[in-house]
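Input: a single structure, listed below in structure tokens.
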Amino acid sequence: MNADVAVENTSAIALWNDPTAPVSARVDALIDAMTLEEKTAQLFGVWVGASDEGGEVAPHQHEMEEPVDLDALLPTGLGQLTRPFGTVPVDPALGALSLARTQARIAATNRFGIPALAHDECLAGFAAWGATAYPVPLSWGATFDPALVREMAEAIGRDMRSVGVHQGLAPVLDVVRDARWGRVEETIGEDPYLVGTIGTAYVQGLESAGIVATLKHFAGYSASRAGRNLAPTSMGPRERADVLLPPFEMAIREGGARSVMNAYTDTDGVPSAADEALLTGLLRDIWGFEGTVVADYFAIAFLKTLHGVAADWADAAGTALRAGIDVELPNVKTYGAPLTEAVADGRVPEALVDRAVRRVLTQKVALGLLDPDWNPLPAALDATDEDDPSALRGRIDLDGPANRALARTLAEQAIVLLSNDGTLPLDRPRRIALIGPNADEPTAVLGCYSFPQHIGVRHPDTPLGIELPTLRETLAAEFPDAEITYARGTGVDDGDLSGLAEATRLAREADVTLVVLGDRAGLFGRGTSGEGCDVATLALPGAQQQLLDALLDVETPVVTMLLAGRPYALGRGVGESAAIVQSFFPGEEGTRAIAGVLAGRVNPSGRLPVSVPRGPGSQPGTYLGAPLAHASEVSSIDPTPAFAFGHGLSYTRFEWTDLAVEAQGAPTDGEFALSLTVCNTGERSGTEVVQLYLHDPVASVVQPVQRLVGYSRLALEPSEARRLRITIPADLASFTGRDGRRVVEPGELELRLSASSADPRLTARVTLTGAERHVDHTRRLHATILQEPTT
């Protein structure tokens, strides 16, 4: 069909609206009927905020963009609506109605009746007012429980879908390389296998609910120099291939993610948004990804303004489009008039526009947005709801009992007991001194992408929308017979020392002191953790270390607790605290979970997804280092952590015995089989996390001393034992060789069955035999771990 032929309503349904036709045929017919302007209109979003009155909305005005004229844009169509719920506080039901009315307007205004695809943030829950605030991703990693994370993601996806959202901007699959980076709280941990398995589970849950999961940030964002946000990234191709890329590969191959978001950073001088080898060569040509690549907010414009690889907006648009970015977010800047003009004058081939719009429209067809029975009203509303919008307020509950129960379970499993001299669980203390800047702060459990911290802080007169009990409140409920005295001591980062005298006085009068330290989440310097809140060292913010030291000088036992977004060096606290409880922004149910751990109602089972440093200045550091990255006699800096990756204690004891290896050797295309018995030898039920690490003592390129290749949680009753049978494919020993290809080499290996990266319990020494073997993205990614009861 020629582009200048109007689309007429006839009795025959248009091919692109025919749900019985093949998707490709529908998309091809639609593209053939569209003008250039109509095609480019599908390649950008407009930032909107839903109306709290239920009406249509005007575009959100962002300080980094010029105002958008929606009336002028809509006749040619619109690709995406940016964050309708994550821009201003809005009642969920009225927001759903507002979004539906806006979608109806969009569809009615363009020739083909194409609605927009609506996206929102969902990093630690749907980032909407009144929606459940789950623990942050670093806590997901601490659970070592993909099934639980999948269940959470599915619940998040159902809530998003119920109000008309199609795409979620999560999960973050960046592997932590420097804990000074402010966005550590958004990551899952410092190990690519943990990040990959937990992140893939999140993708599976979100996608199963019908939400398009968006993998970010592809690739290298977390490896920026000195842990600075949006700084250049320096790494070799092997580090990128073996550490940063595997989580994305796994989430695409096994998770079915339908979208990827580029990283802001450049690697060796090439910005990700301009990296055709990454976004097209690897992602699509090798991995076979067929979804959409969306730009991180303003990333295409940054090619001109920050990276200096584009001369003007048209050049930025052409560079990003050629690299493989299909959609510009959050607003139209380069993919509108600059791109259209560049195509018209021959600077950018129209075939690149067609390639991108085909991916966008394929996704819209798959979502049912072009079907004849498409209805802008989401599942949570019906046609009668439009008659009286005021009656809708409070109708939709995005924080129901099932959500809260799930949030609490995840928070409980994510709490890590770092040390304990027997003080915990507390045995009915008479007087508790509760000290610290996070002891009586409701939002201390939230990360920077939670709605209250991300958006709500700009609307101080609006209620939080969710119940956030402070630790002071939950401890009072958990220990009703105890006298709890409270002092703030100091602020999170104000450096105020005036409260130390009162804090130490209360500690002297108490049976036990609970000191609650950590972070305040925020954005771009408004917090101590979060996007743009990078730090120079891993010392506790403000005067918190001075507060801790002052309390340690008192004879009363001190239980040190962290509500934080990153690990911190605790100085004297490591050796002198009676116990240390680490929590990474555990969400709205977090303080109840912590109170349960202190009381013994919850037996802690979390394991560290990131190492806790011994000193504040040993970054960048990770357990996943080569021998030269570890302590040596030729450097005065010892990077050995205070608590290693994978570490976590319990209130019970576990014994690991009877390691059996079926065969000491296997070919490079074969597998090993191991088995061991784990028994709960304590007096209460508990959960052990068996971690499998691979050590390759001799390889053609330098390898990490060890790396995680498998894990399993075992919930055991007292005296209960289970036999673990583990099958380990040789593919797990693969790495990127000198020629850039992934290789499995013959030779000796150690398979370490460990309670943490620093606590091997049983070791199997095996040998790979035969010829060197090359593998690709179709290789086996997992060991098989089966749990069997013992007789």
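Numbering starts at 1 and runs along the sequence shown. None of these values were measured; they are calculated from a predicted model.
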Verify the distance criterion only: is there a donor paired with an acceptor across the side chains of [X] and [Y] at less than 3.5 Å?
| X | Y | answer |
| --- | --- | --- |
| N229 | Y264 | no |
| S222 | R177 | no |
| S757 | Q691 | no |
| R359 | T292 | no |
| R761 | S754 | no |
| R723 | T677 | yes |
| Y711 | T197 | yes |
| Q703 | H695 | no |
| S734 | R742 | yes |

To the nearest 0.5 angstrom, please state how far the [atom1] atom of [X] sits from the [atom2] atom of [Y].
| X | Y | atom1 | atom2 | answer |
| --- | --- | --- | --- | --- |
| L608 | E190 | CG | CD | 8.5 Å |
| D191 | I188 | CG | CD1 | 11.0 Å |
| N680 | R722 | CG | CZ | 10.5 Å |
| L123 | E531 | CG | CD | 10.5 Å |
| T736 | L245 | OG1 | CG | 8.5 Å |

For R240 and L278, work out which heavy atoms get closest and say how close.
NH2-CD2, 3.6 Å

Closest non-hydrogen contact found for S611 with P641 is CB-CB, 3.9 Å

May I ask you to decide if G291's main-chain N or O and R284's side chain share a donor-acceptor pair within less than 3.5 Å?
yes

Would R773 and D731 pass as an ion pair if we require N to O under 4.0 Å?
yes

Aromatic ring proximity, centroids under 6.0 angstrom, F248 and W287:
no

Quick one: side chains of residues 655-665, donor-acceptor pairs under 3.5 Å with protein atoms, not counting sequence neighbours, listed by atom name and distance.
residue: W656; atom: NE1; partner: E688; partner atom: OE2; Å: 3.0

Anything under 30° is parallel, anything over 60° is perpendicular, the rest tilted; go ahead and classify H647 against F643.
parallel

Does any part of the side chain of W181, heavy atoms only, come nearer than 4.5 Å to the side chain of R228, both counted from C-beta?
no

Are side-chain heavy atoms of R258 and E207 found at a separation under 4.5 Å?
yes

Given H630 and Y623, is the ring pair (Phe, Tyr, Trp, His ring centres under 6.0 Å) satisfied, shown in steps?
CA-CA 8 Å; H630 295 264; Y623 97 92; 8.3 Å; no

